[in-house]
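Structure first, then comments.
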Amino acid sequence: MQPPMGNERPPPPGRPVSAFVPGAAVPPPPFAAGGPFARPPQSGATAPPFGAAPPAAMGGFRGPPPSQGPFGAGPPPQGPFTTSAPPSQGPFASAPPSQGPFASAPPSQGPFATAPPSQSPFTSPPPSQGPFAAGPPPTSPFAATPAPFRPPPLSLAQPQSPTGGALPPPPTYARPPQTQGYYTGAPPANPQFPMSRPAFQQPVQTMPPPPMGPAATFGNQAAYAGPPVGGTLQSLVEDFQSLALSSAPGSLDPGVDVKGLPRPLDGDEEPVKLMEAYPLNCHPRYFRLTTHAIPASQSLVSRWHLPLGAVVHPLAESPDGEEVPVINFGSAGVIRCRRCRTYINPYATFADSGRKWRCNLCTLLNDVPGEYFCALDASGRRYDTDQRPELSKGTVEFVAPTEYMVRPPMPPSYFFLIDVSVSAVRSGLLEVVAKTIKSCLNELPGFPRTQIGFLTFDSTLHFHNFKSSLSQPQMMVVADLDDVFLPLPDDLLVNLVDSRHVVESFLDSLPNMFHDNVNVESALGPALKAAFMVMSQIGGKLLVFQSTLPSLGIGRLRLRGDDVRAYGTDKEHTLRVPEDPFYKQMAAEFTKNQIAVDIFSFSEKYSDIASLGSLAKYTGGQVYHYPSFQAPTHGDKLKLELNRDLTRETAWESVMRIRCGKGVRFTTYHGHFMLRSTDLLALPAVDSDKAFAMQLSLEETLMTTQTVYFQVALLYTSSSGERRIRVHTAAAPVVTDLSEMYRQADTGAIVSLLGRIAVENSLSDKLDSVRQQLQLKLVRSLKEYRNLYVVQHRIGGRLIFPESLRFLPLYILAICKSLALRGGYADVSLDERCAAGFSMMILPVNRLLNFIYPSLYRVDEVLTMEPNKIDASLKRLPLTFQCLDTGGLYLLDDGFTFLVWLGRMLPPELVNNILGLTLAHFPDLSKIQLRECDNELSRNFMKILRTLREKDPSYHQLCRVVRQGEQPREGYLLLSNLVEDQMAGTSSYVDWILQIHRQTQS
Amino acid sequence: MVKLTMIARVTDGLPLAEGLDDGRDQKDADFYKQQAKLLFKNLSKGHHEASRMSIETGPYYFHYIIEGRVCYLTMCDRSYPKKLAFQYLEDLKNEFERVNGNQIETAARPYAFIKFDTFIQKTKKLYLDTRTQRNLAKLNDELYEVHQIMTRNVQEVLGVGEKLDQVSEMSSRLTSDTRIYADKAKDLNRQALIRKYAPVAIVIGVVLMLFWLKNKIW
């Protein structure tokens, strides 16, 4: 960072200057430490308040101050960020002459006014009708200018990298290829600037795109701007971002620059920077706190209105080369704290010349076993620290000794419960399932111990005997649904290696076996009981393929999804909770016996996912929903997702516990699991596709420690039959300062936790009030944040928000519009809503963010490029209809589905090449399947789809094609996903921001 | 009929493999498993035992053989022919040594050879029914002598260690009890004192108070 600026809070070098500030409107108090500007060492810079800017901005100057402080210089009533006063209006106007892209403007000019000599970067090329550019010189930026877009009543004060978030758009407008009148994402646009710009604007080119740290920005400026203005300004700027939302006087326009609103076009941002400050922490892909700063007091917690908690993804896939080290302590046993049972970790300290170690969670001094002893060096560090991964890495795996086993490691076992009633047969489901399972047999984990079994059912239960000495499987039918019994004591769940030929012949004949079945009933409840009897000894995974509403025996369900009247009343939520307690009880039994249930639901009609899903919810399973399954269209999706489910590495018989240091406690957990005691999550099966979230609370009113440690421990049996303990350790500082909490906030984790809380709330409340609660949380937190700064900086008319949370408003809007929470009765079918809710409860952070704010790409332009350049040139677009150009081909990817949108003006050849058929002859696009055709465009297109799919193998995105104006498909497939647009009853992004702004002010 | 099968290393009692669906229909399987584990622990402590032994426990028998520092143990009904049981263990031993022989010493984690359970299951099935031709033939085969294999009671075997434990436990209990006794004695002493002088003290107190009152009133 900036050298001149020290770390801690000593008076900034420029501080003496403050005495000279002419308009010392702001009294010294802002300098007092403790205030919002106290920063932890790692932030690397001080943060003087804006109001006291002169000293700050002069950070690097040692000499006498210029007579005019750059910030404080203007007429006193104006804070640097006031937006109103014409003479030195803009935020940038008052910037010191040598700084910043706008700095070249003389102080008296509006930042965007085109004063000839100063040439703000945005004035340059003729087509630069950007909102900021073209006003006649004397006009203040706030008077309506003849810009083609909105008059720029807003001045967007994103102090950090001003070009980045807000200002790059203007040039973009002018660029012919992107005529759609919407900016295509700031970062990509930036690199293009230089080519079209005169040399004197060089400085601007060096401005990094928004996500980049401010350090680089100022470093560059310093290079040509003379004296290092350095750290203070930068840190000052880092404090918050603000959006001016005051409308121009006399104008009805809301005054918001649509293009300038922050958008997460780069997807999830893992807080990897934390790894530099805490190199011993586990990687954020495993453990993310909603804010990497634990509040020191209860009162601070109550001022932090966002959830305080963490998102844990214990088995996240690690990239090659970063495999989790495995440690076997042998006879020493796993080294843990005597009192709190914490595992040894890099933060443990050694004492008494290495004979004792101090637990970092509970500070108890433990003995070091003789086998584990090692001498300490002068600094109290063990000599073997580097050789021992458990002392140098945040994530390790221990081999568990016998004490960690209740029973010997069980083999992975898979039991399939397949509905063979008429709808399953007609939709072609059986064939796909049978074929897929057969193709997976070789890859099932746990060879040679893997166990497998099948049970089919309609109105009766069909057991299948796979005894290895048979050549053909035997089917036994049990018609007694009230008192289910097993017709055979064993051979219903068999060793795959021994009975391979029988299993294969069964799978070959399965589709034909029930080919003529006309039975419409489905006895799921009794079938579950039977499956439980078969599996109860070993546990494992139960895969349920259900294609109708369970109609017979125990656990039969009613058709209740069509009850329109319930919506909007207090009874609305009952539709989203299981109707019959049978399923929850069954789930409890399953978990007790280490059985995880995955539900595959295929019904075209209502099938009560809410009830069925509870099986998965309490057993650590997953819900897959394929509404109106038809083998030709959905076959691939089912095939690949089932394949993934069967072959991914799975941890069996697991339990997970999260320990944390004194003073804090995890209270509520969100995800798919069964809570065994207050803090032990029972997970019969868990894999890399599942994440968990939990909320923290403070136990003490005042925290005395400096750092809080967290340790996630997952005890599991691997498919190969090893018992392992995976341990993730992380440390977070305790802070006394709310602004620090905001600075360290992690939007991804917050959104993930908020989403889960919202989905859970929707089970006990109306959707409307759930959305209101979300909004309330957002408003409260922004209000609190505003109170931190608004007085000092006199930024009355702006919405201000921390850098770290700049995407939060949009994401919360997106959660409100997500499949699980959007609209009312008619907007989403109940089953889809519930299925999406179940998915949101397990999705890891990055996939959740992509699910609620899908990626939109324009594809037609890149199709003609060279194949190896395509990936790099795919750019995410904001999710609004204005981005869609009628002459374009767009692709929307939410992690579950691909949507290909064909613009009305798209050249027919292009469409024909990609689809492989003539559009005019093919009126029903819902049945279309994309296949690779023999031409360059199609190959490239399929390649794009493939690369996107490879990014996230947990689901297979089903590709659907829709034409512009094709109602109603376009409406529910695409338009409802454009979360920034106004839909029935919901606000657009701009309205939302205005709404939030209004509420934060009141 | 074979109820349980366990294989463990004698040197440290580390379990190496176990039959899988053992104890499916038994409610008390866990109890016997625990007993078997205790047995392994005892063996690892170096109580020198015969390499072949039968131990009776409740309605069942444990049979085990120790060979190459590995203990193969099974639990059968009382009525199950001893000869067959030892044949079964012998089969397991041969296969186990053939497959894993050279890794036994280096195995570091429990159930390192859990994959062996498939073989255990298969072999077990062969021995389920004592009246199959194959098993009858084995029973009649006089080559394998089981008569001199010792039979002891499980309590005896486990008791060796237990008795020592009991003694140490008793002695420690003795110390704590003595301490309690001393405390109680002191307490009693004090109570006796109170009982002796309390009435006198109260009387004196009342008298004094009367005097005082008297002085006060007049």
Side-chain angles (χ1 to χ4, degrees), chain A residues 326-334 371 397-413 446-451 467-469 486 488-500 533-540 593 652-653 717-725, chain B residues 1-9 11-27 29-34 36-41 44-45 73 95 99-100 103 105-126 128-129 132:
Chain A
V326 180
I327 297 143
N328 192 344
F329 284 115
S331 54
V334 178
E371 299 92 327
E397 248 177 13
F398 298 128
V399 173
T402 345
E403 298 84 68
Y404 294 80
M405 306 178 182
V406 191
R407 54 178 187 174
M410 292 291 139
S413 74
F447 174 85
R449 301 173 72 216
T450 321
Q451 308 253 331
K467 198 178 171 67
S468 57
S469 50
L486 297 186
L488 272 180
D490 37 28
D491 293 322
L492 295 174
L493 186 63
V494 293
N495 183 293
L496 178 61
V497 178
D498 293 343
S499 305
R500 178 75 183 252
M533 289 155 116
V534 176
M535 299 180 77
S536 59
Q537 282 306 314
I538 294 181
N593 289 281
W652 309 88
E653 309 177 287
T717 307
S718 71
S719 295
S720 57
E722 280 183 56
R723 197 83 172 141
R724 296 250 183 106
I725 310 162
Chain B
M1 194 176 128
V2 177
K3 300 275 184 197
L4 263 185
T5 316
M6 292 167 104
I7 300 176
R9 192 159 64 187
T11 41
D12 52 2
L14 186 78
L16 299 177
E18 189 170 321
L20 235 189
D21 49 352
D22 290 339
R24 169 170 290 191
D25 339 292
Q26 271 176 277
K27 293 219 162 54
D30 280 339
F31 171 73
Y32 290 108
K33 270 186 190 173
Q34 216 49 50
K37 276 176 192 161
L38 276 179
L39 213 61
F40 287 141
K41 210 168 266 175
S44 68
K45 274 183 200 153
L73 178 140
E95 177 69 10
V99 181
N100 305 314
Q103 299 161 32
E105 285 308 304
T106 52
R109 59 185 175 86
Y111 299 106
F113 308 110
I114 191 70
K115 282 180 184 156
F116 193 67
D117 72 351
T118 46
F119 182 80
I120 296 179
Q121 310 250 13
K122 268 183 252 170
T123 321
K124 195 171 108 180
K125 274 182 194 148
L126 297 179
L128 270 187
D129 190 353
T132 56

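First the proteins, then the strands, lettered A, B, ... as listed; each starts at 1.
The distance from atom CD of Gln121(B) to atom CZ of Arg449(A), rounded to the nearest 0.5 Å, is 9.5 Å. Rounded to the nearest 0.5 angstrom, Ser468(A) OG and Lys125(B) NZ are separated by 6.5 Å. Taken to the nearest 0.5 Å, the CE atom of Met405(A) stands 10.5 Å off from the CD atom of Glu18(B).
Two residues are said to be in side-chain contact when any heavy atoms from C-beta on lie closer than 4.5 Å; Tyr111(B) and Arg723(A) fail this criterion.
Residue contact with chain A, scored on non-hydrogen atoms closer than 4.5 Å, involves the side chain of Asp117(B) exclusively. Residue Phe329(A) does not touch chain B at all, counting heavy-atom pairs closer than 4.5 Å.
Contact record, Ala108(B) with Asn328(A): CB-ND2, 3.2 Å, taken as the closest heavy-atom pair. The minimum heavy-atom distance linking Val399(A) with Arg109(B) is given by the pair CG1-CB, 3.4 Å. Thr118(B) approaches Pro448(A) most closely through the heavy-atom pair CG2-O, 4.0 Å. Thr402(A) approaches Pro110(B) most closely through the heavy-atom pair N-CG, 3.5 Å.
A salt bridge does not link Arg407(A) with Asp30(B): none of the charged nitrogens is closer than 4.0 Å to a carboxylate oxygen.
A 6.0 Å sphere centred on NZ of Lys37(B) holds more than 12 heavy atoms belonging to other residues, nucleotides or ligands.
Considering only heavy-atom pairs separated by less than 4.5 Å from chain B, the leading option among Pro401(A), Ala400(A), Pro409(A) is Pro409(A).
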**OP:** Under the side chain to side chain contact (heavy atoms under 4.5 Å, CB included) rule, what do Lys122(B) and Asp498(A) come out as? Steps first, then yes or no, please.
**Re:** CA-CA 10 Å; Lys122(B) 268 183 252 170; Asp498(A) 293 343; 3.5 Å; yes
